[in-house]
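Notes to accompany the following structure.
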Amino acid sequence: MTLEQRIAQVNRLVSQACERAGRSPEEINIVAVTKYVSTEKTAQVFDSGILHIGENRWQNAKSKWEALGDRGVWHFIGQLQSNKVKDVIGKFAYIHSLDRLSLAKELERQASAADITVKVFVQVNISGEDSKSGMPPEEVFDFVRQMRDYPHIEIVGLMTMAPLESDAEAARPVFRGLRELRDELNAGNVLPYPITHLSMGMSGDFEVAIEEGATWLRLGSILVGKEED
Ligand SMILES: *Cc1c(COP(=O)(O)O)cnc(C)c1O
């Protein structure tokens, strides 16, 4: 399939899922995950009109950034080590993987020094699997409350990863749990501003994620493909 065909297919599936859920496709934002493909293919992604791209490791993203950093909006979606914050700050407008206080401290420090605000998602381990990163749900309230004292960090939403099951339905309770957690944070006015977004849904489960309230999908293989495709 060409990239154009992939985009058309994804748009069709997004529309259908929105229809089932009684939502507007305008509520759905897509990060095209380019971690599997070359700089050349990443350039084609931008050429196709896609604005948001996602990378999960700075080591792999660096050469792409050097070639294409002036295009589009970059999202950091992978686990972030504190000593890599200096590399990604100011380059990635969104960080989807804020999962601990030590990382928040370093993001605040670097964002403050650069005089910018960094938009972040708090990554939550809803499924409880040991293999998944993200903070336990029961720690999220306290953590988010502390972010009031981090003026260079803007919490735009919550992020989670579902278990990698062949059955997308298995992801539904995880996605629903993230939505409920966001709603509880907002009902409790934990921050002076509402937490709007839910970053959830990958190639295998994004339709379920839409039904459960996703506002940012992170799509790699189904949208961008892998290099060998
Ligand atoms: C790789 C990756 C994705 C995209 O995965 P696909 O299943 O190929 O869509 C989404 N989110 C994160 C955090 C990833 O690492």
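In each ligand, atom 1 is the first atom listed, and ligand 1 is the first ligand listed.
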Would you kindly specify which portion of Ile77 sits under 4.0 Å from ligand 1, judged on non-hydrogen atoms: side chain, backbone, both or neither?
both
Yes or no: does Ile222 have any heavy atom under 4.0 Å from an atom of ligand 1?
no
Note: ligand 1 atoms sitting under 4.0 Å from heavy atoms of Leu219 are 9 (O)
The atoms of ligand 1 lying under 4.0 Å from a heavy atom of Arg218, numbered in the order shown, are 4 (C), 9 (O), 10 (C), 11 (N), 12 (C), 13 (C)
For ligand 1, indicate whether the residue His96 contacts it via side chain, backbone, both or neither (heavy-atom separation under 4.0 Å).
neither
Could you tell me, atom by atom, which parts of ligand 1 come under 4.0 Å of a heavy atom of Met161?
13 (C)
Any salt bridge between Asp167 and Arg172, counting N to O under 4.0 Å?
no
Could you tell me which non-hydrogen atom of Met135 sits nearest to which non-hydrogen atom of Leu98, and how far apart they are?
CE-O, 4.5 Å
N/O donor-acceptor pair under 3.5 Å between Arg23 side chain and Ile28 backbone:
no
Gly54 backbone acceptor or donor facing Tyr94 side chain under 3.5 Å
no
For atom 6 (P) of ligand 1, the closest protein heavy atom turns out to be Ser203 OG, 3.4 Å
List the closest protein heavy-atom neighbour of atom 5 (O) of ligand 1: residue, atom name, distance to the nearest 0.1 Å.
Met202 CE, 3.5 Å
State whether Arg109 and Glu106 are salt-bridged, where the test is any N-O pair (Lys NZ or Arg NE/NH1/NH2 against Asp/Glu carboxylate O) under 4.0 Å.
yes
At less than 4.0 angstrom from any non-hydrogen atom of Ser221, what atoms of ligand 1 do you find?
6 (P), 7 (O), 8 (O), 9 (O)
Touching ligand 1 at all, Tyr36? Heavy atoms, strictly under 4.0 Å?
yes
Run through Arg182, Arg20, Arg176 and flag the one making a salt bridge (charged side-chain N to carboxylate O under 4.0 Å, His left out) with Glu212.
Arg176
Return yes when atom CD of Gln79 has more than 12 non-hydrogen atoms of other residues, nucleotides or ligands closer than 6.0 Å, and no otherwise.
no
protein heavy-atom neighbour closest to atom 1 (C) of ligand 1 works out as Lys35 NZ, 1.4 Å
State whether the number of non-hydrogen atoms from other residues, nucleotides or ligands found under 6.0 Å of Arg100 atom CZ is greater than 12.
yes
